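The next block holds one structure in the form of structure tokens; read it before the comments.
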Amino acid sequence: MLNVQIRSFDYDGQLILKDIFFKINKGEHLALMGESGSGKSTLLKLIYGLVHLEEGSIFWGEKQALGPNYNLVPGEPYMKFLSQDFDLMPFTSVEENIAEHLSVFTQESHAERVKELLDLIELEAFAKTKVKNLSGGQKQRVALAKALAQEPELLLLDEPFSNIDHFKKNELRVRLFPYLKRKGISVLTATHDSNDVLSFADEIMVLKNGKIEDHQKTEYLYKNPKNYYVASLFGTINELPVSLLKDYSGLDTSLLVYPHEFEISNKSGLEVTVSNNFFKGTHYIIEGISEDGYSVFFTNKSALRSETKVFLNVSLQLINQRIHLSGNPHSSKS
């Protein structure tokens with residue numbers, strides 16, 4: 001239902017976005033990922049109509065989304081945009097902020113709707129609290145509930161959990177995204193944190209320098225990263241000459257391996273000497289140094305003594321899959 005066709009967008013003579021073409025169907029969730037400055041927030045603002053698009057078009061079904069050059073009040077009624085500026089009324093209560101834009105023709109159902117959203121964001125106890133007395137994370141949750149009050153057809157989220165405590169954001173993700181899926185609300189989430197979307201987005205589109213670096217189904221993109229940049233968005237990644245591994249000594253290409261994809265062996269494989277252990281709660285990420293001086297990160301359930309020598313192996317299926325995907329004999333960092 002969302003059809004975005006952006007040939008180019010520049011600001012003060014600087015190119016911000018180039019050749020951004022994609023669609024989102026009703027009820028689908030597309031995540032936007034990329035480093036800071038890659039164009040994620042600008043793209044959301046263009047879709048919502050906060051800035052004018054000259055070279056391209058944006059449609060929601062048959063309706064064209066028009067920017068501030070056409071709309072006196074920027075924004076489209078069928079979509080909501082949760083930006084990093086919460087746009088709340090600080091001197092009124094949480095429940096008043098959420099109910100602000102509910103229709104006057106459905107006042108009899110306002111209390112029930114507000115209660116439903118307070119339960120979703122887990123702020124029932126703060127219903128009567130003035131927004132100015134809330135923490136930054138609580139304000140972000142109120143802004144989210146406010147955006148959902150009229151149940152939009154399309155929800156645009158810009159770093160929606162950035163101010164929320166880690167223990168609370170984990171729970172909120174699990175409550176929010178299935179709720180949006182049940183309601184059939186299409187979602188576009190811009191984030192730098194893969195935890196926000198890895199378990200919830202149907203697809204991920206990666207932006208780099210204002211262009212689409214990759215766009216795939218979520219699980220496929222994670223398991224088949226196109227290059228180092230894409231893989232690094234999901235955490236620690238190794239990029240090593242595949243010639244370091246057994247049976248590939250004559251091949252001049254690099255290989256991307258997540259730490260958990262290495263298997264430890266006591267017999268043969270890539271020999272590394274343990275240099276550091278990093279506790280991650282359920283496991284350790286361990287840094288080893290190869291004979292050629294490469295830092296290699298792998299996982300283990302327990303820490304390993306410094307200077308211990310271990311052998312690391314990667315499945316042949318994974319090696320062949322990644323080599324076939326890259327098709328590039330040079331470093332994918334370049």
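For the single chain, residues carry numbers from 1 onward in sequence order. Just so you know, these numbers come straight off a predicted model, no measurement behind them.
Rounding to the nearest 0.5 Å places CD1 of I6 at 7.0 Å from CZ of F22. Note that NZ of K45 and CD1 of I16 are 10.5 Å apart. Values are rounded to the nearest 0.5 Å. Once rounded to the nearest 0.5 Å, the distance linking CG of L240 with OG of S290 reads 7.5 Å. Taking CG of L44 as the start and OG1 of T42 as the end, the distance is 9.0 Å to the nearest 0.5 Å. Here L207 contributes atom CG and H215 contributes atom NE2; the two are 10.0 Å apart, rounded to the nearest 0.5 Å. Rounding to the nearest 0.5 Å places OG of S254 at 12.0 Å from CG of N238.
Evaluation of the salt bridge (Lys or Arg N to Asp or Glu O under 4.0 Å) rule for K301 yields no partner, not counting sequence neighbours. Qualifying salt bridge (Lys or Arg N to Asp or Glu O under 4.0 Å) partners for E76, counting only residues two or more places apart in sequence or in other chains: none. Qualifying salt bridge (Lys or Arg N to Asp or Glu O under 4.0 Å) partners for K18, counting only residues two or more places apart in sequence or in other chains: none. Shown here are the side chain to side chain donor-acceptor pair (under 3.5 Å) partners of S93, two or more places apart in sequence or in another chain: E96.
Among K115, R113, K128, the single residue meeting the salt bridge (charged side-chain N to carboxylate O under 4.0 Å, His left out) criterion with E95 is K128.
When all heavy atoms of T236 and P259 are compared, the closest pair comes out as O-CD, 3.2 Å. Shown here for A303 and N277, the closest heavy-atom pair between the two residues is CA-OD1, 3.3 Å. Of all heavy-atom pairs between D10 and G13, the closest is OD1-N, 3.9 Å. Contact between L120 and L148 at its shortest, heavy atoms only, is CD2-CD1, 3.8 Å. Between G136 and F86, the shortest heavy-atom contact is O-CE1, 3.7 Å. Minimum heavy-atom separation, S186 to I24: CB-CG2, 4.3 Å.
Side chain of K226 to backbone of E213: a donor-acceptor contact under 3.5 angstrom is found. E100 places no side-chain N or O within 3.5 Å of a backbone atom of M89 that could act as its donor or acceptor partner. Side-chain atoms of K40 come within 3.5 Å of backbone atoms of G34 as a donor-acceptor pair (strictly under, hydrogens ignored). A donor-acceptor pair under 3.5 Å is formed between the side chain of S38 and the backbone N or O of E35. Judged by distance alone, with hydrogens and angles left aside, the side-chain atoms of T189 form no donor-acceptor pair with the main-chain N or O of A31 at under 3.5 Å. Checked by atom type and distance alone, the side chain of T308 never pairs as donor or acceptor with a backbone atom of L304 at under 3.5 Å. Without hydrogens or angle criteria, N25 side chain to E28 main chain gives no donor-acceptor distance under 3.5 Å. Remark: the backbone N or O of S8 is not paired with any side-chain donor or acceptor of D19 at under 3.5 angstrom. The closest donor-acceptor contact from the side chain of T218 to the backbone of A201 lies under 3.5 Å. A donor-acceptor pair is defined here as one N or O able to donate and one able to accept, closer than 3.5 Å; such a pair exists between the side chain of N300 and the backbone of S302.
Considering only heavy atoms from C-beta on, V94 comes within 4.5 Å of L134 through its side chain. Proximity of R305 to V274: side-chain heavy atoms (C-beta onward) are nowhere separated by under 4.5 Å. Using a 4.5 Å heavy-atom cutoff, the side chains of K80 and L156 are not in contact. Side-chain contact between T299 and F262: absent, with no pair of heavy atoms (C-beta onward) separated by less than 4.5 Å. Between M33 and M205 there is no side-chain heavy-atom pair separated by less than 4.5 Å. Taking the side chain as every heavy atom from C-beta outward, F234 and P225 never approach each other to under 4.5 Å. Side-chain atoms of F278 and N276, non-hydrogen and from C-beta on, do get closer than 4.5 Å to each other. T191 has its side chain out of reach of L32: every pair of non-hydrogen atoms, C-beta onward, lies at least 4.5 Å apart.
Pairs of residues two or more places apart, or lying in two chains, that qualify as salt bridge (charged side-chain N to carboxylate O under 4.0 Å, His left out) and include a residue from residues 185-202 are R173-D193, R173-D196, K181-D202. Sorted by first and then second residue, the pairs that involve residues 26-50 and meet ring pair (Phe, Tyr, Trp, His ring centres under 6.0 Å), not counting sequence neighbours, are H29-F177, Y48-F81. Sorted by first and then second residue, the salt bridge (charged side-chain N to carboxylate O under 4.0 Å, His left out) pairs with a member in residues 258-285 read E261-R322; sequence neighbours excluded. Within the structure, salt bridge (charged side-chain N to carboxylate O under 4.0 Å, His left out) contacts touching residues 155-171 (residues at least two apart or in different chains) are E122-K168. Pairs of residues two or more places apart, or lying in two chains, that qualify as ring pair (Phe, Tyr, Trp, His ring centres under 6.0 Å) and include a residue from residues 280-309 are F279-Y284. The side chain to side chain donor-acceptor pair (under 3.5 Å) contacts involving residues 129-142 comprise S135-Q138, Q140-S162, where partners must be two or more places apart or lie in separate chains.
Alongside F167, the hydrophobic cluster contains no other residue (criterion: ILVMFWY side chains under 4.5 Å). Counting Ile, Leu, Val, Met, Phe, Trp and Tyr side chains that sit under 4.5 Å apart, directly or through other members, L66 shares a hydrophobic cluster with Y70.
For the residue pair S57/Q5, the side-chain donor-acceptor check at 3.5 Å is not satisfied. Donor-acceptor pairing under 3.5 Å is recorded for the side chains of E54 and H52. In the model, Q216 has no side-chain atom that pairs as donor or acceptor with a side-chain atom of N224 under 3.5 Å.
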Exercise for the section: Mind running side-chain contact (heavy atoms from CB on, under 4.5 Å) on I264 and F311 for me, showing each step along the way? Expected result: CA-CA 6 Å; I264 299 177; F311 295 98; over 6 Å; no

Exercise for the section: For salt bridge (Lys or Arg N to Asp or Glu O under 4.0 Å), just list the numbers for K208 and D214, CA-CA rounded to whole Å, side-chain angles, deciding distance to a tenth of an Å, and then say yes or no. Expected result: CA-CA 9 Å; K208 182 180 182 182; D214 204 358; over 6 Å; no

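Using a 4.0 Å cut-off between a side-chain N of Lys or Arg and a carboxylate O of Asp or Glu, E151 and K183 qualify as a salt bridge.
Neither W60 nor F21 shares a network with the other; the hydrophobic side chains, linked directly or stepwise wherever heavy atoms of I, L, V, M, F, W or Y lie under 4.5 Å apart, form separate groups for each.
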